[in-house]
Amino acid sequence: MKIIEAQRIKNLPPYLFARIERMIAQKRAEGVDIISLGIGDPDMPTPDYIIEELSREAKNPANHQYPSSVGMINFRQAVADWYGRRFGVELDPKTEVVSLIGSKEGIGHISWCYLDPGDTVLVPDPSYPVYAGGAILAGAVPYYVPLTAERGFLPDFADIPSDVAKKAKMMFLNYPNNPTGAVATEEFFREAVAFAREYRILICHDAPYTEVAFDGYKPISFLQTPGAKEVGIEFHSVSKTYNMTGWRIGWASGHPDVVEALGRLKSNLDSGQFQAIQYAAIAALSGPQDIVAYNNGVYRERRDILVDGLNEIGWKLEKPKATIYVWAPVPPGHTSESFAELVLEKAGVVVTPGTGYGPKGAGYFRMSLTLSTGRLKEAIERIKKQVGTVKF
Ligand SMILES: *Cc1c(COP(=O)(O)O)cnc(C)c1O
């Protein structure tokens with residue numbers, strides 16, 4: 001019997017990396033030593049004091065039962081305290097913070113709270129694929145807002161047609177940005193609040209990289225913007241800050257109605273995250289923060305190797321101020337796919353074609369800084385030797 005899929009899952013965009021993944025598998029089978037710059041997942045371990053807190057709390061039978069879908073009050077308090085210390089943002093832990101099973105879970109589910117079939121949602125292009133994916137699963141229609149190099153990969157609100165803005169119910173934003181490495185300014189966030197107010201649009205700001213930044217730059221939170229809490233929420237997590245992507249714990253904070261709606265949806269779908277993991281996240285947010293400076297030192301050294309190396313071969317890249325990514329244009333005469341296939345075929349190096357993040361990613365590729373300096377140097381050497389210098 002053929003099992004017929006629901007239309008909503010058929011509507012998901014096709015998986016773009018299938019061809020590259022087949023090539024990688026074939027190369028590996030041939031014994032080629034592949035260097036993958038494709039994975040956006042911190043390679044350094046979670047600090048010991050966080051793991052110890054998990055072990056301690058895992059032994060407490062009180063933590064073995066169902067947790068609350070919205071998170072323990074002490075977890076939500078730790079998030080509120082961290083926002084206060086880090087951003088000077090005041091949050092009521094009872095009504096303005098909800099725990100998530102990783103921020104991706106909430107980003108995927110928020111569309112179910114605010115988008116009905118046929119509704120318009122503004123999605124940056126390029127962007128993290130979960131924004132469009134979650135919206136499409138809810139039956140909504142993404143309107144792609146281009147992010148261009150000329151505008152520092154910040155959307156131009158004035159360029160969104162007013163009939164589209166009038167229809168739109170929600171907009172996703174993400175700074176520091178994956179995949180472009182771009183950062184937002186206070187002025188940009190003020191424009192976002194004004195735009196949201198004018199057209200009654202809920203802003204969902206995704207902020208997992210606020211702690212991953214270099215050269216003295218300190219990213220801001222959307223919630224620092226006057227009026228932000230009245231028009232939006234911010235997603236965040238311990239994943240990128242404390243090397244905890246596998247632990248699956250994050251949160252959304254901001255507008256109390258939105259926090260409540262997300263909590264109500266979740267209470268129908270999941271039962272929250274294991275309390276021992278919530279305790280570990282409290283330890284991460286409340287404990288010593290040396291790990292943040294340490295990680296950033298490591299990523300900065302890697303960023304410099306990658307960017308300086310590519311610039312020696314002919315690129316003219318600026319160093320990103322934040323995130324674990326370098327976003328670069330492909331050499332003239334190439335598409336994202338043809339260039340990714342060329343460096344894989346010739347140099348055994350995997351980069352992500354920009355088109356995986358939306359149509360406007362065409363002409364770009366993304367590299368991540370989650371490999372050792374030795375491997376990054378080797379990747380540069382191989383590209384230099386096998387692909388040669390390029391001219392822009
Ligand atoms: C890594 C990442 C996330 C997801 O983080 P989790 O909290 O681990 O789910 C969300 N958004 C962007 C842009 C990311 O790069």
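Remember, it's 1-based here, ligands and their atoms both numbered in the order they're listed. All heavy atoms count here, side chains included; hydrogens, waters and symmetry mates do not.
- Ring-plane geometry between Trp251 and His236 is classed as parallel, the angle between the planes falling under 30 degrees on a 0 to 90 degree scale with a further cut at 60.
- Below 30°, between 30° and 60°, or above 60°: for Phe87 and Trp82 the angle between ring planes is above 60°, a perpendicular geometry.
- The closest approach between any non-hydrogen atom of Pro208 and ligand 1 is below 4.0 Å.
- Distances between N or O atoms of Tyr128 and those of ligand 1 include no value under 3.5 Å.
- Using a 4.0 Å cut-off to heavy atoms of Ser237, the atoms of ligand 1 that qualify are 6 (P), 7 (O).
- When only non-hydrogen protein atoms are considered, atom 8 (O) of ligand 1 lies nearest to Ser239 OG, 2.6 Å.
- Close contacts of ligand 1 with Gly102, meaning ligand atoms under 4.0 Å from a residue heavy atom, involve 7 (O), 9 (O).
- Counting heavy atoms closer than 4.0 Å to ligand 1, residue Tyr209 contributes side-chain atoms (C-beta onward) but none from N, CA, C or O.
- Heavy atoms from other residues, nucleotides or ligands lying under 6.0 Å from CD of Gln386 number more than 12.
- When the shell of 6.0 Å around CZ of Arg8 is examined, it contains 12 or fewer heavy atoms from other residues, nucleotides or ligands.
- Aromatic ring orientation, Phe157 versus Phe188: parallel (interplanar angle below 30°, classes split at 30° and 60°).
- For atom 5 (O) of ligand 1, the closest heavy atom belonging to the protein is Ser103 OG, 3.3 Å.
- In terms of protein heavy-atom proximity, atom 12 (C) of ligand 1 is closest to Asp206 OD2, 3.3 Å.
- In terms of N/O distances under 3.5 Å, ligand 1 is not approached by Asn174.
- Each of the following atoms of ligand 1 lies closer than 4.0 Å to a heavy atom of Arg248: 6 (P), 8 (O), 9 (O).
- Taking atom 14 (C) of ligand 1 as the reference point, the nearest protein heavy-atom neighbour is Lys240 NZ, 3.2 Å.
- Enclosure of atom OH in Tyr49 by more than 12 non-hydrogen atoms of other residues, nucleotides or ligands within 6.0 angstrom is indicated.
- Looking at Val130 against ligand 1, nothing comes within 4.0 Å, counting heavy atoms.
- The only option from Glu21, Glu341, Glu345 that meets the salt bridge (charged side-chain N to carboxylate O under 4.0 Å, His left out) definition with Lys27 turns out to be Glu345.
- Between Tyr357 and Tyr364, the gap from one ring centroid to the other reaches at least 6.0 Å.
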